[in-house]
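Each remark here refers to the structure printed beneath this line.
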Amino acid sequence: MKPSIPKGTRDFSPVEMYRRNYIFDTIKKVFKKYGYQQIETPAMENLETLTGKYGDEGDKLLFKILNSGPVVDQINNSDANIKLNEISEKGLRYDLTVPFARYVVMHQNEINFPFKRYQIQPVWRADRPQKGRYREFYQCDVDVIGSDSLMNEVELIQIIDEVFTKLGMEVTIKINNRKLLSGICEVIGESDKFIDITVAIDKYDKIGFDGVKKELMEKGLTDASINKLEPLLKTSRLDSIIIESLSELLKNSTIGMKGIEEISTILAYLSSINFNFDKIVLDGTLARGLNYYTGAIIEVKANNVSMGSICGGGRYDDLTGIFGLPNVSGVGISFGADRIYDVMNELNLFPDFNNDSTQVLFYNYFTKDQSVYLGLINKVRAVGINAELYPEPADKGNSNKLQKKQFEYAKSKNIPFTIAIEEINNWKPAVKSAANKTTKILETESFVEDLILFIDSNI
RNA sequence: GUGGUAGUAGCUCAGUCGGUUAGAGCAUCAGAUUGUGGUUCUGAGGGUCGUGGGUUCGAGCCCCAUCUUCCACCCCA
């Protein structure tokens, strides 16, 4: 049988894992710095937990898990008159936010609100793979739930900025507010077309105003109401003039003005901490398809690279309500680790791959007294230095050949220090630095101390 | 779900107009050389040319189907 893996999934080899962990570690460190605590939830959820939360398109992309047991046998025998809920009642999680909402409701009596959690786990989507799009990928979520305060939005924007600064990436943070979009729909008298309108204006970047107009005409909007959308679509760099003109447009919409007020407040807070406004854009066309968002929405794009959004999120006022816990508002964002990886790879932003496991390799040159190696290597490990012994002695056959194999092993694993015990040093262990080729004999009495000194001065 | 692109050794790829036994580099393994972190030389293994049909005297090459990859749409991280 020819080995293969499912479409849209990947193996990760050591160099890739080194880089992926560099991303995860950086993100995790920032999350912790702001006081978030980690949770995990199962890869699979009950199908009813997942369906209906992501819009029609999202439902189609859910991976469903076939029931095990007698039902499966029936499928083979019966006529094809089968209902989905008879053969599948579980699905792979589509994101981390909905499972989090489910978690919060289930654990509400253990949680002290506001609850700040982070979660780094894979999610699955039955999408067709392409650039920056996988069927299995990792999301790194941070959410605050049980707090209405716009301080949370400000904090999340700071987290975004800090993460990407640490990773050396230049990004643009796009923000908008669903209330503002609702307000617009209200003002133009098309509130019932909210979804159609958001979907259409979301494409403004690609298809332009005429394209948006065409799509909305097809949905039954009038020429006059579409033209009123135009000022919203043209917002870009943040400034007070834009806010003013939007206020003028929305003055008769309570919800729209609430949106304006929220955005203004967030901007005022950011301004008070001297946030760099070159990085942030008020994008009237930012809508986001996930239909549980109700307030601020955020999306991050990498500069100078063609790639979908690498981070996105927003406020959801009543996601827990679906699971029986109403009036709990949450806000959160999700970093797409795999896309961040692809961007960093394309821009050569990763640090050099250094072996982050073995620091010291013991060459194994003689068959007798293998226990000598064990004694020494344990001393090295005891002080916290990662060390390994080459398992096959070099004097079993052609010793030159076998020694060469050991050199190549050290080289291929990029191990910075090697220790050899051989006759020319009177059978005393000698350490060698791969970086500058210097060596030093390590005396038995001060073996570990000398090794530490050598490592510190030859790294 | 729609459209396009490609699929030849573990990897990167040649392969002429459809014509003899499908090649190279790298990697792997083996031997020689080398006095200590990728020396050099020699050799070997490794392929149902993605899979299944079809056209043809003859298919890696042409046609159809299918799977997979990459890309665009849709949507999204």
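Below, chain A is the first sequence line, B the second, and so on; all start at residue 1.
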Inset, instruction - Examine Arg20(A) relative to Tyr138(A) and say whether NZ or CZ is less than 6.0 Å from the centre of the six-membered ring and inside a 45° cone about the ring axis. - result: yes
Legend entry - C1' gap between rG18(B) and rA24(B), integer Å: 23 Å
Inset, instruction - Establish, yes or no, whether the cationic atom of Lys116(A) lies under 6.0 Å from the six-membered ring centre of Tyr36(A) and within 45° of the ring axis. - result: yes
Inset, instruction - For Lys203(A), report the nucleic acid contact type (base, sugar-phosphate, nothing); a contact means any heavy atom under 4.0 Å. - result: sugar-phosphate
Legend entry - No-H, no-angle donor-acceptor pair, Arg133(A) side chain to rC75(B) base, under 3.5 Å: yes
Inset, instruction - Check whether NZ of the Lys or CZ of the Arg Arg117(A) lies under 6.0 Å from the centre of the six-membered ring of Phe100(A) and within 45 degrees of that ring's axis. - result: yes
Inset, instruction - Return the nucleotide paired to rG18(B): Watson-Crick means purine N1 to pyrimidine N3 with N6-O4 or O6-N4, wobble means G-U with N1-O2 and O6-N3, both under 3.5 Å. - result: none
Legend entry - Distance-only donor-acceptor test, Arg339(A) side-chain atoms vs rC76(B) base atoms, 3.5 Å: yes
Legend entry - Pairwise P distance, rG54(B) and rA72(B) [rounded to whole Å]: 38 Å
Legend entry - Inter-nucleotide P distance (rC76(B), rG60(B)), Å rounded: 47 Å
Legend entry - C1'-based separation of rC63(B) from rG38(B) [nearest Å]: 49 Å
Inset, instruction - Using atom NZ of Lys60(A) as one end and atom C1' of rU2(B) as the other, report the distance to the nearest whole Å. - result: 12 Å
Legend entry - Over 12 foreign heavy atoms within 6.0 Å of CG, Asn276(A): yes
Legend entry - For rU28(B), the Watson-Crick or wobble partner whose two distances fall under 3.5 Å: rA44(B)
Inset, instruction - Fit a plane to each ring of Phe115(A) and Tyr103(A), take the angle between them on a 0 to 90° scale, and name the class: parallel (under 30°), tilted (30 to 60°) or perpendicular (over 60°). - result: parallel
Legend entry - G-U wobble or Watson-Crick pairing nucleotide for rA59(B) (cut-off 3.5 Å, both distances): none
Inset, instruction - Would you indicate what Tyr134(A) reaches in the nucleic acid, counting non-hydrogen atoms under 4.0 angstrom: base, sugar-phosphate, or nothing? - result: base
Inset, instruction - Please report, rounded to the nearest Å, how far the C1' atom of rC75(B) is from the NZ atom of Lys131(A). - result: 18 Å
Inset, instruction - Pick base, sugar-phosphate or nothing for Cys311(A), based on heavy-atom distances below 4.0 Å to the nucleic acid. - result: sugar-phosphate
Legend entry - Quiz item: cation-pi between Arg135(A) and Phe63(A), 6.0 Å / 45°: no
Inset, instruction - Mind checking Gly313(A) for me? I need base, sugar-phosphate or nothing, with any heavy atom below 4.0 Å counting as a touch. - result: nothing
Legend entry - Nucleotide of rC71(B), rC74(B), rU36(B) approaching Arg128(A) most closely (side-chain heavy atoms): rC71(B)
Legend entry - C1' spacing across the pair rC11(B) / rU34(B), given as an integer number of angstrom: 29 Å
Inset, instruction - Answer yes or no: does a side-chain N or O of Lys405(A) lie under 4.0 Å from OP1 or OP2 of rC29(B)? - result: yes
Legend entry - Arg102(A) and its side-chain contact (heavy atoms from CB on, under 4.5 Å) partner, picked from Ile322(A), Thr49(A), Thr97(A): Thr49(A)
Legend entry - Under 4.0 angstrom between Lys404(A) side-chain N/O and rU36(B) OP1 or OP2: no
Inset, instruction - Under 4.0 Å between any heavy atoms, over every strand shown, what does Tyr409(A) touch: base, sugar-phosphate, or nothing? Just pick one. - result: nothing
Inset, instruction - Could you state the atom-to-atom distance from CG of Leu62(A) to P of rC75(B) in whole Å? - result: 17 Å
Legend entry - Rounded distance in Å between the C1' positions of rG46(B) and rG25(B): 15 Å
Legend entry - Side-chain N or O of Lys7(A) closer than 4.0 Å to phosphate OP1/OP2 of rU68(B): yes
Legend entry - 5'-most by nearest nucleotide on RNA chain B - Thr418(A) or Glu215(A): Thr418(A)
Inset, instruction - Rounded to the nearest angstrom, tell me the gap between atom CD in Glu408(A) and atom C1' in rA30(B). - result: 14 Å
Legend entry - Sugar-phosphate only, base, or nothing, as touched by Glu422(A) at under 4.0 Å among non-hydrogen atoms: base
Inset, instruction - Please state how far atom CD1 in Ile424(A) lies from atom P in rG35(B), giving the value in whole angstrom units. - result: 13 Å
Legend entry - Between P of rC75(B) and CD1 of Ile297(A), the distance in whole Å: 15 Å
Inset, instruction - Have a look at Gly58(A) and say if it touches a base, only the backbone sugar-phosphate, or nothing, with a 4.0 Å heavy-atom cut-off. - result: nothing
Inset, instruction - Ignoring backbone atoms, establish whether Lys437(A) has a side-chain N or O less than 4.0 Å from OP1 or OP2 of rU36(B). - result: no
Legend entry - Given RNA chain B, 5'-ward residue of the pair Lys432(A) and Phe137(A), judged by closest heavy atom: Lys432(A)
Legend entry - Nearest-neighbour nucleotide for the Glu57(A) side chain, rC74(B), rG37(B), rU36(B) considered: rC74(B)
Legend entry - Nearest-angstrom distance, P atom, rA22(B) to rA65(B): 30 Å
Legend entry - Short side-chain N/O contact from Gln130(A) to OP1 or OP2 of rC70(B), under 4.0 Å: no
Legend entry - Between rG35(B) (P) and Asn425(A) (CG): distance, integer Å: 17 Å
Legend entry - Side-chain H-bond candidate by donor/acceptor type, Asp317(A) with Ser329(A), under 3.5 Å: yes
Legend entry - Rounded distance in Å between the C1' positions of rC64(B) and rC17(B): 23 Å
Inset, instruction - Write down the distance between CZ (Arg135(A)) and C1' (rC75(B)), rounded to a whole number of angstrom. - result: 14 Å
